[in-house]
Amino acid sequence: EIRLSLVGSEMCIRDSIWTIICFASVLEIIRCRRTCEMSLGGIMKIGIIPVNIGVQSADQMVQMAQLVESLGYESVWTFEHVVIPIDYESKYPYNKSGNMGAAPETNFVDPLIALSAVAASTKTIRLATGVNILSQVNPIYMAKQAASLDFISNGRFMLGVGIGWLREEFEALGVPFEHRGARFDDYVAGMRKIWSGEVVEHESEFISWKNFKSYPLPIQNPFPVVMGGVKGKIFKRTAQLGNGWFAPTGDPGELKEHMTHLREECDAIGRDLSEIEITCMWPGTGGEEFLGELEAVGVGRVVIPMMG
């Protein structure tokens with residue numbers, strides 16, 4: 001057993017391999033936290049991502065979450081894939097290789113189950129999916145699970161969702177890849193009705209719901225739905241349906257261009273852009289000047305990737 005005592009926090013880690021990985025991660029976490037505090041006086045929210053991938057036990061997820069909570073981090077985030085095909089023709093849209101960078105044997109703990117374990121072992125840190133693929137699941141189950149997680153965490157959950165890019169995953173689940181964007185929009189609208197507590201009536205191309213309620217309701221009202229991605233109609237979707245936007249980039253110049261498009265979509269429907277919380281990736285480099293650029297663009301939260 002190795003016990004790390006860092007900035008008044010203790011963390012027991014029993015797996016030797018995990019100890020090496022975690023020790024490096026812990027040092028990086030502390031360094032990033034101090035950089036952010038010195039740069040912005042603690043104003044910028046800071047999270048880590050992902051807490052559910054490559055882990056060998058539940059203890060590893062929980063202990064990392066407990067550590068970052070003790071260091072004053074605001075949130076922990078997850079990634080999602082239900083399956084990883086051995087070979088796939090779909091192109092991952094966020095790096096030049098077109099590959100997601102995870103082997104098929106990588107542990108992808110289900111995000112909502114992982115965050116439930118974290119919720120039960122923490123008190124203040126917020127929990128978020130970054131993102132779950134809404135278009136490939138049953139929206140009633142997603143609405144139920146999201147509300148339940150917010151309920152058991154006492155209002156700490158943010159549901160990050162996306163339309164998905166991996167056709168082979170949709171095929172494995174028996175869900176059409178086509179029209180996933182329109183299906184996504186309809187699902188979000190329908191889930192909002194479930195979370196309202198009122199009798200649900202929703203008839204559309206993708207949903208036929210009549211005369212039911214689903215409790216518990218989320219603690220938070222409105223319940224935060226975070227839209228993820230930079231492709232397709234993401235800015236229109238975020239303006240119309242989102243409480244937040246999660247950008248899988250941390251480049252201030254790129255973000256500035258994206259924010260222009262998001263502002264245009266908000267203006268088109270008369271929505272105040274300030275109602276939408278902006279989250280982006282931050283590799284922990286660049287210091288005060290870099291974080292200041294992100295803040296100037298409108299970023300309210302940076303998320304530190306814990307995978308290379």
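Just so it is clear, the model here is predicted, and its values are computed rather than measured.
Between atom CD1 of residue Ile49 and atom OG1 of residue Thr78 there is a gap of 6.5 Å, rounded to the nearest 0.5 Å. How far CZ of Arg301 is from CD of Glu277: 4.0 Å, rounded to the nearest 0.5 Å. The CD atom of Gln63 sits 7.0 Å away from the OG atom of Ser57 when rounded to the nearest 0.5 Å. A distance of 13.5 Å separates NZ of Lys123 from OG of Ser70, quoted to the nearest 0.5 Å.
A donor atom on one side chain and an acceptor atom on the other are not found under 3.5 Å apart for Thr249 and Asp251. In this structure, a donor-acceptor pair under 3.5 Å is absent between the side chains of Ser75 and Arg126. Looking only at atom types and distance, the side chain of Glu168 has a donor-acceptor partner in the side chain of Ser90 under 3.5 Å away.
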Only pairs under 3.5 Å count here: list side-chain donor-acceptor contacts from residues 255-265, not counting sequence neighbours, and write none if there are none.
from	atom 1	to	atom 2	distance (Å)
His258	NE2	Glu254	OE2	3.2
Thr260	OG1	Lys256	O	3.1

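Of the possible donor and acceptor atoms, none in the side chain of Tyr187 sits under 3.5 Å from a partner among the backbone N and O of Ser135. Side chain of Thr122 to main chain of Gln66: no donor-acceptor pair is present (N/O by atom type, distance under 3.5 Å, no hydrogens or angles). Glu80 places a side-chain N or O within 3.5 Å of a backbone atom of Ile133 that can act as its donor or acceptor partner. Under the 3.5 Å distance criterion, the side-chain polar atoms of Asn52 are matched with a main-chain donor or acceptor of Phe79.
With contacts defined as side-chain heavy-atom distances shorter than 4.5 Å, the pair Glu171/Gln136 does not qualify. Annotation: side chain of Ile46 is in contact with side chain of Tyr73 (closest heavy-atom distance under 4.5 Å). Looking at Leu159 and Phe223, their side chains come closer than 4.5 Å, going by heavy atoms from C-beta outward. Inter-residue side-chain proximity for Trp77 and Ile48 is flagged as unmet; no heavy-atom pair is nearer than 4.5 Å. Contact of the Met100 side chain with the Tyr94 side chain is not registered, since no non-hydrogen atoms from C-beta on lie closer than 4.5 Å. A 4.5 Å side-chain heavy-atom check between Cys280 and Val302 finds at least one atom pair inside the cut-off. Within the 4.5 Å cutoff, no side-chain heavy atoms of Phe108 are placed close to those of Pro50.
Judged as a side-chain hydrogen bond (donor to acceptor under 3.5 Å, both in side chains), the pairs with a partner in residues 227-239 (not counting sequence neighbours) are, in order, Asp185-Arg237.
Under 4.0 Å is where a charged nitrogen must lie from a carboxylate oxygen, and between Glu74 and Arg156 no such pair does.
Ile276 and Cys266 get closest at one heavy-atom pair: CD1-SG, 3.7 Å. Taking every heavy atom of both residues into account, Phe246 and Pro248 meet most closely at O-CD, 3.6 Å. The two atoms that bring Leu217 and Ser214 nearest to each other are CD2-O, 3.7 Å, heavy atoms only.
Both tests do not hold together for Arg180 against Phe184: distance to the six-membered ring centre under 6.0 Å, angle to the ring axis within 45°.
In this pair, His202 and Trp209 present their aromatic rings tilted. The plane angle is within the 30 to 60° band. His81 and Trp165 have perpendicular rings, their planes meeting at more than 60° on a 0 to 90° scale where under 30° would count as parallel.
Counting heavy-atom neighbours within 6.0 Å of Glu205 CD, excluding the residue itself, gives a total of 12 or less.
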